[in-house]
Structure formats: structure tokens, C-alpha cells
Amino acid sequence: MNLKFSNIIMSAALLATTAACTGTSSEDGKMIDKPDFKSADGIFSIEALEALGRVSGPVVSPDKTKVLFGVSYESVEENASNNDLYVMNVDGTDTQRITRTPKSESNAVWIENGKRIAFLYPDGDAMQVWVMNADGSGRKCVSKLEKGVSGFVISPDEKHILMVSNVEYSRKASDVYPDLPKATGRIIDDLMYKHWDEWVTEIPHPFLGAFDGNEVTDVTDIMADEPYEAPMKPFSGIESFAWSPDSKKLVYVSRKKTGVEYALSTNSDLYLYDLASKSVTNLTEGVGGYDTAPAFSPDGTQLAWLSMEHDGYESDKNRIMLMDMSTGEKRDLTAAWDYTVDAISWQPSGRGLFFLAYRDGVRPVFAIGLDGTISVVAQGEFDYDGLAPVSDAALVTMRHSMLRPNELYYAASGEEPRAISTVNDDIYAQLTMPTVERRMVPTTDGKEMLTWIVKPQNFDPTQKYPGLLYCQGGPQQAVSQFWSYRWNLALMAAHGYVVIAPNRRGLPGFGTEWNAQISGDYPGQNMRDYLSAVDHVKTEPWIDAAHIGATGASYGGFSVYWLAGNHDHRFACLIAHAGIFNMEAQYLETEEMWFANWDMGGGAWNAPADTKDFPDYGAYWNKSNPTAQRTFEMSPHRFVDKWDTPILITHGEYDYRILSSQGEMAFNAAKLRGIPAEMLIFPDENHWILKPQNAILWQRVFFRWLDRWLKGKPYTADTDNTDE
């Protein structure tokens, strides 16, 4: 490592422990609490969506009798949100709110056999670890890392704590030229200089400290001087760490690569850190793809984790792997199962695991024995989310659908899951919701495709309704019974649109072949799948075939741009958010190069043996790769001469996955072609539109555009058509 860089990392690690913890919470700021929502017309509206409580993070107490969880609410006025903590019995009785603070508690866990709770909360400007009694009293700040704490895991014996905090990463101009302390230029000599929505100036590291329940001391960066992330940005968290049951060792996940190598590889590994010797062992050396979510068995003899096989393929099948900790022998528990796994949790006895996985358009809870036998614990037209075991046969989880957000559920094998929280029942009691229909649609290659049809409330089959094709992003992200506060299909239907949501090629839940087909075929079979779904629904007497729109984000935005030049007059208007318009530009603009390299034609199975070591095999300049050449030749920007449909384009300027320049190019092209077009750019949002007022603005502009072209509503620059 460069000596100067090493000094930067070292000084940051030392500074991380020097800040003072005040020991009292800052109560500045206006309380954000449950809004007093009253529906005037019983229709699911933007206001109803924003008023819903967001349930999260169920954690079962050590004695398996209580559940700790969070509920957050948004304030449009304050343009912010707040999460508070609740405790109730596992059967759903005796719900108690234990925090009422102006800032959010998070990462809450039980300690001291359920007598106390540890959690994250701000101390001054930095997030720190706090503790309190199980009833919410006796709050105390116990950590003092200068750069704050973004997550923590306490050892089983509660004598140690693993905390995540940032260290400096890149060089500032003043590090190179000390006589220019106010210079703002960034000197860059390698890739991954920015990621998701930030310029990479800091990276997360795991800090180990002694913990006595009242104070964290002797804090050490266990990856000191290493320029690698743990957890991996931008989305990994505390699931990247696992303590051994005897508290003598811990496992962490890291992709120990930088620059070009990091940008091209998904090959992360599990590292075993021994507290006594401070030695580190790579447990997954030679395993090529993502290795994540380590979890020790209750007796510590085995380690389970999720693992992908192919380096560079981020949507590969996620396998449940098992390692014998005494012999190092590894085996794939799901070798005979053709679906990808999302999350795992050991059963208390250690005789098996619970897991979540998409299958046939939904995400049930499954159980798997150590012999690979799989059974269903909870299913239905729902997605389950979160695993908090109560016994080998039962757990607390969350459940949502296209019509309702998460609530807590108690699920047991052989029993119907039952709701144990009712956070949003009062709002839903005021509403008449849309309906969701499961339908199988024939595809052009002789297969059948699950397509969700979401119909408006009080649907009348004798009337005609405008339609809206929903194009999923990812590109390999499930169209299940998902709930979204951004892309909410129920809200679209509630505005009077029949929503068509196909599980087109490339989506998980229908086997690895269906999932993998889209790689190297962005403008191919999945586009025909979209059109098959639209053509199928157009035969219904209740659809207004002349007024169907198409919308989507990310790869869904790419889909809209591509369909704009290839839809043969099927659509009356289009909306693209954060979409890829020019694939050649996208190949060089995006940050995670493995994504573009694999999906645009550089998958490992495509490369001749003598070219597999070339990192640019999927590049548009690689004339020896016919898959990549075909992909780039079919880029949406090459079909602008065929554009003839009004289009709305939205994007965030902090989006470094797909730069806002992609949306700006598409908008400029539409205007130069004389096509009605509008653009909504957010200077303070990333790939997602997250701030409450921005979210409402996005929804209003979204429906204003649809209503103009699909319903013929009057339109001016200040028109608001959200009063349905």
C-alpha cells in the first residue's frame, strides 16, 4: 500500500476513538409522529401512502416471549422521517411504545437476557451506541467514535462489541500539496472514485471494543491499514458480521479489492478473525462470486452463508452454503433447488434453517434441514420479510403485498400465519383498495409468464379503463407481491389505471434459466414478453386499448426508452425514471463495472478461454464479442428516429449508478424530434427519490402526465390532477 495512503487510514482509525460521548440525547427538533389521517373519499391517495406507518426490524427476546420492533412515520412538513421503538408479546398482546424522541432509534437488540436494549441514536452530530432498560427508561450513550457508528453486533457473552465506522479513504489535494489547504480538486488515478450517490472519501471498517453494558472501551480497527470495505457499500450492513457462540471469534464479509479490480469483481469472501491471536483466515478462498450473510449454528460447529458462484454476476443464484468449522468442508444445501435465496436464520436447535426466497411470483418462508430437505412455513399471495425465530417450527416475520405494507406476523409450520401488529388498520378501515389478479400470459417462445393485473377499486367490467405497463428494474429484481413507497402499483390503480405487471424474462422466482436469460439480451426476449402482456390484456373488453402507457425505473427506464422506438403504436405515453438511454455511454459512466460488463455481453460463459482474463470483454469496443456487439447495436438511443410518443423523464443528480446525463440526453432527443416531453430533475436525490416532499412532487408530476395523455385531462404547467 502507498505509505501516504496508509498514514491516512491509520490516522483516521486513531481519531475514531477520541470523541467524547455526552451521555445524553439531543432533543432538538420537532417530533414526527403518527399523522391524523382522514380520507375524504375512501380512495388510496398519495396522502394515504405518506401517512402509513413503516414497520421494521422484529427481534425476538432471548426468552422468546417478546418482540422488539420499530415503526417510522414521515412528515411532509418537516421533509423528514422518524423511527421509534415498540415492544409487545410474541402473540401480539400488550404493545408498548418505549421511545418517543425527535430522532430515530435503529439497530435495536436485546441485551442482558432481555432486561435492557442496545440501539443506535445520535449523540450530537454522530450516531452512537446507546443502552436503556427494556421499558425505555435509563437511556445512556456508551460509545464515542468520532465518525459515529452505522451498525453494531454484540458478542454472545456481551463482553465485546463489533461496531461499523468510517475511515478516510481517498487523498485530498492538501495531502499531495499541503500549501493548497483550500483546494477542492480531486486527484484520481483509479476506478471506484464514486459509488451509488457519493464520491468515495471514506469507507466503513469494523471496530472491535470491550463492552461492559455501560461503556465501550479499548476500540480497535480490526482492518487497520487495509483499504477495503467491511461491510461492502452501498447496501450491506450488520448481516455482514457473525459472532461465534463462544465469543472468541467473529466472521466478517469483505471484498478485498480496490480500483479497477474492485469495479470489475463481485468476489467477496468471509474472513474469520480470532480475538486472542488477532489472526485472520479467509474461509472462502477460491469461491468465485458474492459470499455474504454468515451465520454460526447455535453450537458453533457449522457456519452457514449465502454464496454466488460466478465472479462478476451480481444476480447469480444465491446458494445456502454450509461449512464444517472443524474440517473446513463446504457443501451446498440448495444444490437441488432451482431458486435464489434472500435471507437465512438458524433454527434454535441448529437442526436446520429458515430462509426467504422468491418462487412463482411471491416470497414465502421456507425451512431447510441439514440434509437439504425443504418445506414451506408460510406462503400465499404475499411477500414475507425478516426472520426472527421463536422455535424450530415458528418465527416472527413481516408480511406485505401490493396492497398493504409490512405488518408483523407470527408464522408456524402447519398453521395459518396470524397478524400480531395492526399499525395501519385504522387507515385501511377508511379505504376501498384496488384488487390484484394473477394471470398466466403466453409468450412468443411458447412459455407462460405470470403477470399481475392490478385493477382500480370498485372495478366495473362494463366500463373501459386506461392501462399502464409496469417495467421492472434490476434488471433481475422480482415482480412479486412487493410493496414500494416509490413505485406503488396500488396507488397507480387507485388513480383509475389497470396496471399490467409482467414477470418477464430475467426475474427471479421461476428458475435459474428464466432468471439468467436477460444477461446479454437486454433488448431481446424480455421486451417481447412486455409486449405479449400488453397484447394479451388489450383483448379484454374493459381495457381502453388506445390509451395504454408504459413506465419503469432503472432497467425499467431502459425498457421504456427502448420501447419508445419499438412499440408499434401500442403506447399513448411513456414515463422513464433513472433509465439507461445510451448503452455505450452507460458502460463507461457507471461505477460498478462488473454490472455493465456482465449484463451487456461479457458474462464468463461467453468469453473464449484465451480472453477470460481481459476485464473489458463486454465492452462495446471488443469486436470479438458478438453478444456485446449485438447488445450495443440495439441501444435505445439508436431508435430515436422512430420515437413518436409523449415522454416524461425523471432523474436524480446524485445517481452515480445511472447518471442523470442519460435522462438529459433522452429529453433533449425527444425535444429535438418535436415530441411532447417533460423532465423532472432532482439535484438532491440519488437513484431513488427519498425525501418526502420530493416523493410527493414526483407522484404529482407522474399522475399529471398520465392523466393528460391517457385520460385527456386539461393540462397546464401548474395543473394538479391528483384529486381522484
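In what follows, every heavy atom counts, from backbone to side chain, and hydrogens, waters and symmetry copies are set aside. These numbers were taken from a predicted model, which means no experiment stands behind them. Numbers here simply count residues along the sequence, with the first being 1.
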Looking at [Y], is its backbone amide N or carbonyl O close enough to the side chain of [X] to form a donor-acceptor pair, meaning the two atoms are under 3.5 Å apart?
X    : Y    : answer
Q347 : S391 : no
E685 : L690 : yes
S480 : D383 : no
R100 : M31  : no
S401 : Q481 : no
N82  : T101 : yes
D655 : W196 : no
S72  : N83  : no

With no hydrogens and no angle check, do the side chains of [X] and [Y] hold a donor and an acceptor under 3.5 Å apart?
X    : Y    : result
N694 : D684 : yes
S268 : D291 : no
E592 : H195 : yes
T93  : N89  : yes
Q128 : D123 : no

Using 30° and 60° as the class boundaries, would you call the ring planes of Y121 and F119 parallel, tilted or perpendicular? perpendicular
Cation-pi, [Y] ring and [X] (6.0 angstrom, 45 degrees):
X    : Y    : answer
R399 : Y409 : yes
K147 : F207 : no
R255 : Y228 : no
R486 : W698 : no
K34  : Y73  : no
R54  : Y485 : yes

Evaluate Y262 against E229 for side-chain hydrogen bond (donor to acceptor under 3.5 Å, both in side chains), listing each step before the verdict. CA-CA 10 Å; Y262 181 108; E229 302 169 348; 2.8 Å; yes
Atom CG of D94: over 12 foreign heavy atoms under 6.0 Å: yes
So does K256 have more than 12 non-hydrogen atoms from other groups sitting under 6.0 Å from NZ? yes
Under the criterion side-chain hydrogen bond (donor to acceptor under 3.5 Å, both in side chains), I'd like the reasoning laid out for S554 against H687: C-alpha separation, chi angles, the key distance, then a yes or no. CA-CA 8 Å; S554 195; H687 203 55; 2.9 Å; yes
Looking at side-chain heavy atoms only, is the closest gap between [X] and [Y] below 4.5 Å?
X    : Y    : result
R97  : D84  : yes
V362 : E381 : yes
Y252 : V164 : no

Going by the side-chain contact (heavy atoms from CB on, under 4.5 Å) test, name the single residue among F366, F354, F355, Y384 that passes it with V377.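 Only match with V377 under side-chain contact (heavy atoms from CB on, under 4.5 Å): F354.
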Just to verify, what does Y654 make a ring pair (Phe, Tyr, Trp, His ring centres under 6.0 Å) with, not counting sequence neighbours? none
F482 vs W487, test: ring-ring contact (aromatic ring centres under 6.0 Å, His included). Steps then yes/no. CA-CA 10 Å; F482 72 96; W487 290 88; 9.6 Å; no
